[in-house]
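To start, the structure under review is shown below, and the notes come after it.
Just so it is clear, the structure is predicted and the values come from calculations on it, not from any experiment. Here is the naming used below: chain letters follow the sequence lines, and residue numbers restart at 1 for every chain.
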Amino acid sequence: MDAYTPYVVGAYALVFATIAGCVVWVVADRIAARRSFDKAERAAGRVGRAADAAGAGANRAS
Amino acid sequence: MSDIAERSHAPRPSIINPGRFAGIADRAVPILAAATLAAFAVGLYLALWASPEDYQQGSTVRIMYVHVPSAWLAMLAYLVMASASLGTLVWRHPLADVAAKAAAPLGAAFTFAALASGSVWGKPMWGAWWVWDQRLTSMLVLLFIYLGLIALWRAIEEPARAARIGAIATLVGFINIPIVKFSVDWWNTLHQGASVLRFDGPTIDPAMLVPLLVMAVAFMLLFATLHLAAMRTELIRRRARTVRLRTVRAAG
């Protein structure tokens, strides 16, 4: 411990806060991307089911 | 989660096949994260307790153990981006653009960490938080290049076009990397010259060199972990975009 210790603590705090920010960004981004993918898949499923239903209706009509 | 990318690409017997890469990344990230934590535990012990204080700088020398690895990573991340950009332009490999795009925010963060920790060291040692020294200025330019590239990738919606323009811009910005590295040799700077990465070997005492190298390994493992995880996320996002486009076409 000397007169410079607050500067050392400050520098380490800045660097590790930046690292923590990176980790949070990576995790949050993954969650958002996964949700976006799941949403896209659900929409694709709805469109697929609607197309199947339309196809079945057309078959019955013919 | 590896099923997402695996379903989206025809199987190719190579690690650089996006689907296979996704599976490998999913297994590698937890192992790399554990190795990162272990390396940081050893590195921080050596840096904060086991290493000696400098006879002139006192305890501020300990800032070096986070400042220097951050600065190395700031340049290494750009090297990764430049190599990946070559892969995008020459081989048009889909993973190359993913690698470049995922590295940019990490490079920006480590550049900021290097600038911030250097600034905190500069106040007690130089008497100023900031000086327009060539090394500091070129690092600030590097930060702006990173931010510009991130903005560029986000501004262009069509991925192939964003990849091409981003790759060209990245390679143009690479001119700044040798300026950062050799600024202390080319100009008479206030920032000290290289003391580790020198042709004639390190000039730093082993009692300080060992903690510095251990911390450098920890930072590189951290970058590898975060970069792989960010690449994996980008693959998921691209797969989601493909599914959305396919749905729109099917509905139309």
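- A salt bridge between B:D54 and B:R62 is absent, with no side-chain N of the basic residue lying under 4.0 Å from a carboxylate O of the acidic one.
- In B:F144, the CZ atom is not crowded: 12 or fewer heavy atoms of neighbouring residues, nucleotides or ligands sit closer than 6.0 Å.
- Within the 4.5 angstrom heavy-atom criterion, no atom of A:V27 approaches chain B.
- With respect to chain A, the highest number of heavy-atom pairs below 4.5 Å among B:V61, B:T233, B:L222 belongs to B:T233.
- Close placement of the B:F40 and B:F219 rings is indicated, their centers lying within 6.0 Å of each other.
- Your options are B:S119, B:P105, B:S70, and the one with the most heavy-atom pairs under 4.5 Å with chain A is B:P105.
- Aromatic ring centroids of B:Y65 and A:Y12 lie 6.0 Å or more apart.
- The existence of a salt bridge linking B:K101 and B:D97 is excluded, since no basic side-chain nitrogen approaches an acidic carboxylate oxygen closer than 4.0 Å.
- In terms of heavy-atom pairs under 4.5 Å with chain A, the best-connected choice from B:P124, B:G118, B:A102 is B:P124.
- Using a 30° and 60° split on the angle between ring planes, A:Y7 and B:W129 fall in the tilted class, from 30° to 60°.
- Both the backbone and the side chain of B:T60 have a heavy atom closer than 4.5 Å to some heavy atom of chain A.
- Only the backbone of B:Q57 comes within less than 4.5 Å of a heavy atom of chain A; no side-chain atom from C-beta onward does.
- For A:V47, the part lying near chain B is the side chain, with the backbone staying farther off; criterion is any non-hydrogen pair under 4.5 Å.
- Contact tally against chain A (heavy-atom pairs below 4.5 Å) for B:A113, B:A250, B:A47, B:A114: the top residue is B:A113.
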